[in-house]
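Some notes on the structure that comes next.
Just so you know, these numbers use all the heavy atoms, side chains as well, and skip hydrogens, waters and symmetry mates.
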Amino acid sequence: MLLLMSRANLDAMINLDEFIQEREKNKELERVFTVNPDLLSVVDLETKLVKRNQAWTEILGYSAEELRQLTMLALIHPEDESVATTVISNAVEGQVVCFINRYRNRNGAYHYLEWRAQRYGKQLFAAGRDITSEVKNKEELKAKLEVAGTLLALGEAHYTTVADLLDVVLEKVIALTSSRLGYIFLCDEEEKEISLYSWSKMVH
């Protein structure tokens, strides 16, 4: 049996085959997009979320409907807005940019997100990894080292009176806790009295 086919029909079949292959490829990419634990997104130059995966809801707590009404910029910590807008406005076609900023969770807490983004046309394709626990661990380690260093310095120093020692201790504690003011009260258990013993220089 001889099957004759016109050039137009042959082209149509080829185009249909290409369409099916492209559709299957898109399905595969969609599956990867869906199951990825990082925050994946496509954002326009006004920071509107054109497309985002389920990780946005799982990590930041917003529903899909809430995210449709929010821009990325609306979720960024106020102190990090300038960095984000600079990255977006200076993004070069095809160039990968890396940066870290804080995003507000629905419960009000902030997450540190490490981003890799690339611009194509009028859109940014971005992947964000939640590094909050890593940042907090580093901050805790830094604080512990500072406390250990302070205790060592206090142990090696010589003070003529207890008052001098407590004044130095108070100032060190204020510095370690990033406070502005501080006080030391003495408690007399027998008399059941509490008295102010020392206060920070800022109080004077």
- [ ] Would you kindly confirm whether L73 and F99 end up in one hydrophobic cluster when ILVMFWY residues are joined by side chain heavy atoms under 4.5 Å apart?
- [x] yes
Task: Gap between atom CE of M72 and atom CG of L49 - 0.5 Å precision - done: 6.0 Å
Task: Hydrophobic cluster identity match, L67 and I59, side-chain contacts under 4.5 Å - done: yes
Open item on the list: For H111 together with Y103, are the ring centres under 6.0 Å from each other?
Closed with: no
Task: R102 CZ to E81 CD distance, which is reported to the nearest 0.5 Å - done: 11.0 Å
- [ ] Please name the pair of heavy atoms, one in S89 and one in T86, separated by the smallest distance, quoted to 0.1 Å.
- [x] OG-O, 3.1 Å
- [ ] Flag yes if F125 and V87 sit in one hydrophobic cluster, no otherwise; membership is Ile, Leu, Val, Met, Phe, Trp, Tyr, and two members link when side-chain heavy atoms are under 4.5 Å apart.
- [x] no
Task: By salt bridge (charged side-chain N to carboxylate O under 4.0 Å, His left out) - contacts of E65 (at least two apart) - done: R68
- [ ] State, with a plain yes or no, whether a side-chain heavy atom of N137 is found less than 4.5 Å away from one of E140.
- [x] yes
- [ ] Please round to the nearest 0.5 Å and tell me the distance separating atom CG of L75 and atom CD of E66.
- [x] 10.0 Å
Task: Cluster check V96, L124: I/L/V/M/F/W/Y, side chain < 4.5 angstrom - done: no
TODO: Could you tell me whether a side-chain N or O of D44 sits under 3.5 Å from a main-chain N or O of K122, the two making a donor and an acceptor?
DONE: no
- [ ] Ignoring hydrogens and angles, tell me if any N or O in the side chain of R119 forms a donor-acceptor pair with the backbone of N90 under 3.5 Å.
- [x] no
Open item on the list: Please identify which of these residues, L113, I131, D80, meets the side chain to side chain contact (heavy atoms under 4.5 Å, CB included) condition with I100.
Closed with: I131
Task: Minimum side-chain heavy-atom gap H77-Y112 below 4.5 Å - done: no
TODO: Identify the two heavy atoms, one from R129 and one from D38, that lie closest to each other, and give their separation to 0.1 Å.
DONE: NH2-OD2, 2.8 Å
Open item on the list: Can you list everything that forms a salt bridge (charged side-chain N to carboxylate O under 4.0 Å, His left out) with R116? Sequence neighbours excluded, please.
Closed with: none
- [ ] Can you see which heavy atom on N101 is nearest to which on A84, and at what distance?
- [x] ND2-CB, 4.1 Å
- [ ] Locate the shortest heavy-atom distance separating G121 from E93; write the atom from each residue and the value.
- [x] N-OE1, 2.9 Å
Task: pair V43-V50: side-chain heavy atoms closer than 4.5 Å - done: no
TODO: Start with the C-alpha gap between C98 and W115, add the side-chain angles, then the distance that decides, and say whether side chain to side chain contact (heavy atoms under 4.5 Å, CB included) holds.
DONE: CA-CA 5 Å; C98 304; W115 290 97; over 6 Å; no
Open item on the list: Can you confirm whether Y62 sits close enough to L70 that some side-chain heavy atom of one is under 4.5 Å from a side-chain heavy atom of the other?
Closed with: yes
TODO: Please report the closest heavy-atom contact between A127 and L40, naming both atoms and the distance.
DONE: CB-CD2, 3.6 Å
Task: Nearest heavy atoms of T57 and S63, plus distance in Å - done: OG1-C, 4.1 Å
- [ ] Determine, using the 4.5 Å side-chain heavy-atom cutoff (strictly less than), whether I88 and V42 are members of one ILVMFWY cluster.
- [x] no
